[in-house]
Amino acid sequence: MPFGQIVIGPPATGKTTYCCAMTAHFAKNGRKVAVVNLDPANDILPYKPAIDIADLIKLSDVMEKLKLGPNGALIYCMEFLEKNSDWLLKELEKIKDRYILFDFPGQVELFTHNSSVKTIVNHLVKADYRLTCVNLIDSFCCSEVGKYISALVISLNTMLQMELPHINVLSKFDLFKKCKTTAFNEEFYTDVLDLEFLLDHLQADPVFKKYKKLNESLIGVIEGYSLVSFVPLNIQDKESIQTVSSAVDKANGYYFDSIEK
């Protein structure tokens with residue numbers, strides 16, 4: 001029974017760095033691990049992928065031949081992978097004894113609106129992969145109330161779309177304490193506590209003030225589902241990496257199936 005992580009998140013949240021750090025962490029603990037690069041725009045990799053989507057399709061080729069921009073070409077690549085999911089499953093058979101990290105693109109709409117990634121993941125689930133979706137959000141979003149609410153909405157939308165055991169991670173959390181513009185303490189942002197306090201801060205902003213009803217509705221939706229919370233991650237801190245790793249292992253069941261000590 002293979003286990004793995006679907007690593008997603010907006011651009012520049014540290015997905016590839018996360019995969020590198022987790023690979024080193026797992027290897028140190030004796031876990032056989034492999035990284036699968038499914039980001040066709042990621043042509044310079046700091047790790048050696050066991051499977052690379054570039055062997056199936058390249059973003060640069062799509063942009064050149066179909067005259068598409070990077071966003072349109074990326075969607076095309078994911079739809080092409082969806083139609084050729086047998087290629088991915090066949091390649092995965094070669095490394096079925098490994099714990100798999102799937103490094104996905106950072107285009108948000110692939111996980112909030114487009115169905116290709118969800119279909120690809122469904123094929124993996126049907127192939128008996130036990131997966132956890134790890135959604136990385138840059139902790140810089142905590143520096144402004146509007147950005148934080150946007151991060152919450154994106155995270156909630158992604159959770160509902162992907163329909164997997166899900167862990168939201170606030171990456172680069174070592175920078176959180178250095179940020180002097182955060183309105184609340186760490187627990188408020190990680191545990192997603194009473195969001196009504198955010199409305200007062202939004203009302204003080206002339207840009208958001210006229211959108212009071214919209215802000216109230218968004219906060220109502222987030223609190224109504226009561227699904228979103230975050231695990232902080234400092235990639236330089238071994239204990240922080242272990243905390244995230246344990247949360248993911250409990251979510252996909254590896255924690256209860258593993259023979260690791």
- Message: Tell me whether the count of non-hydrogen atoms from other residues, nucleotides or ligands lying under 6.0 Å of CZ in Phe3 goes above 12.
- Response: yes
- Would you name the heavy atoms of Leu195 and Glu223 that are closest together and state the gap between them? N-OE2, 2.9 Å
- Give a yes or no on whether the backbone of Glu239 and the side-chain of Asp237 come within a donor-acceptor separation of less than 3.5 Å. yes
- Residue pair Val35 / Leu45, side-chain heavy-atom distance below 4.5 Å: no
- Minimum heavy-atom separation for Ile241 to Asn234, with atom names? CG1-O, 4.3 Å
- Task: Kindly determine whether Ser229 and Asp191 satisfy side-chain contact (heavy atoms from CB on, under 4.5 Å), including the steps that lead there.
- Result: CA-CA 5 Å; Ser229 63; Asp191 297 341; 5.6 Å; no
- Message: Within the structure provided, determine whether Leu88 and Asn84 are in side-chain contact (heavy-atom separation under 4.5 Å).
- Response: no
- Message: Looking at every non-hydrogen atom in both residues, tell me the closest pair between Ser155 and Asn135 and how far apart they are.
- Response: OG-ND2, 3.3 Å
- Could you tell me the separation between the SG atom of Cys77 and the CG atom of Leu38, rounded to the nearest 0.5 Å? 11.5 Å
- Any chance you could lay out the side-chain contact (heavy atoms from CB on, under 4.5 Å) test for Ile51 and Trp87, step after step, and finish with the verdict? CA-CA 10 Å; Ile51 302 172; Trp87 170 84; 3.7 Å; yes
- Message: Counting only heavy atoms not in Tyr47 (residues, nucleotides, ligands), do more than 12 fall under 6.0 Å from its OH?
- Response: yes
- Message: Surrounding CD of Glu64 (heavy atoms of other residues, nucleotides or ligands, distance under 6.0 Å), is the total greater than 12?
- Response: no
- Query: What's the spacing between Met162 CE and Asn122 CG if we round to 0.5 Å?
  - Reply: 8.5 Å
- Query: Under a 4.0 Å N-O cut-off, is there an ion pair linking Glu93 with Lys96?
  - Reply: yes
- Item | Heavy-atom side-chain contact between Phe80 and Leu56 under 4.5 Å | yes
- Item | Non-hydrogen side-chain atoms of Val134 and Val169 separated by less than 4.5 Å | yes
- Is there a side-chain contact (heavy atoms from CB on, under 4.5 Å) between His113 and Asn157 once you walk through the steps? CA-CA 9 Å; His113 295 80; Asn157 197 344; 4.3 Å; yes
- Message: Can you confirm whether or not the ring centre of Tyr189 sits under 6.0 Å from the ring centre of Phe230?
- Response: no
- Message: Within this structure, what is the CD1-CD distance for the pair Ile75 and Glu82, rounded to the nearest 0.5 Å?
- Response: 12.0 Å
- Message: Is the shortest side-chain heavy-atom distance between His123 and Asp86 below 4.5 Å?
- Response: no
- Counting N and O atoms only, with roles assigned by atom type, does the side chain of Asn185 sit under 3.5 Å from a partner on the main chain of Phe188, one being a donor and the other an acceptor? yes
- Query: So do the side chains of Leu227 and Leu160 get within less than 4.5 Å of each other, counting heavy atoms only?
  - Reply: yes
- Task: First locate atom CZ of Phe104, then atom CG of Leu81, and finally report the distance between them rounded to the nearest 0.5 Å.
- Result: 7.0 Å
- Message: Just so I know, are the side chains of Phe111 and Gln161 near enough to count as touching, which here means a heavy-atom distance under 4.5 Å?
- Response: no
- Item | Flag, side chain of Thr132 to backbone of Asn252, donor-acceptor distance under 3.5 Å | yes
- Task: Decide side-chain contact (heavy atoms from CB on, under 4.5 Å) for Thr16 and Asp39; before the verdict, give the C-alpha distance in whole Å, the side-chain angles of both, and the deciding distance to 0.1 Å.
- Result: CA-CA 10 Å; Thr16 299; Asp39 183 358; 5.9 Å; no
- Of all the heavy-atom pairs spanning Pro232 and Thr190, show the shortest one and how long it is. CD-CG2, 4.1 Å
- Note on the structure: Closest non-hydrogen contact found for Arg98 with Val33 is NH1-O, 3.6 Å
- Donor-acceptor pair, side chain of Lys15 and main chain of Pro10, under 3.5 angstrom: yes
- Item | Same cluster (ILVMFWY, side-chain, under 4.5 Å), Ile154 and Leu214 | no
- Message: Quick check against the 3.5 Å criterion: does Gln5 have a side-chain atom that pairs as donor or acceptor with the backbone of Val248?
- Response: no
- Query: Linking I/L/V/M/F/W/Y whenever any side-chain heavy atoms sit under 4.5 Å apart, do Leu193 and Tyr225 land together?
  - Reply: yes
- Would you say the side-chain atoms of Asn29 pair up with the backbone N or O of Arg31, donor to acceptor, closer than 3.5 Å? no
- Query: Would a distance-only check, ignoring hydrogens and angles, find a side-chain to backbone donor-acceptor pair under 3.5 Å from Thr119 to Ser115?
  - Reply: yes
- With side chains defined as the heavy atoms from C-beta onward, is the minimum distance between Asn114 and Glu79 less than 4.5 Å? yes
- Message: If hydrophobic clusters are built from ILVMFWY residues whose side chains come within less than 4.5 Å, do Leu92 and Leu164 share one?
- Response: yes
- Message: With a sphere of 6.0 Å drawn around NZ of Lys58, does it hold more than 12 non-hydrogen atoms of other residues, nucleotides or ligands?
- Response: no
- Drop me the distance from Thr158's OG1 to Ile8's CD1, to the nearest 0.5 angstrom. 5.0 Å
- Common cluster, Val153/Leu110, ILVMFWY with side-chain heavy-atom separation under 4.5 Å: no
- Query: Does Ser171 offer a backbone N or O that forms a donor-acceptor pair with the side chain of Ser139 under 3.5 Å?
  - Reply: yes
- Query: Closest approach of Asp138 and Thr13, non-hydrogen atoms and distance?
  - Reply: N-CG2, 3.7 Å
- Task: Find the distance between CZ (Phe184) and CZ (Phe197) and round it off to the nearest 0.5 Å.
- Result: 7.0 Å
- Query: In terms of hydrophobic clustering (I, L, V, M, F, W, Y; side-chain heavy atoms under 4.5 Å; direct or indirect links), are Ile149 and Val108 co-clustered?
  - Reply: no
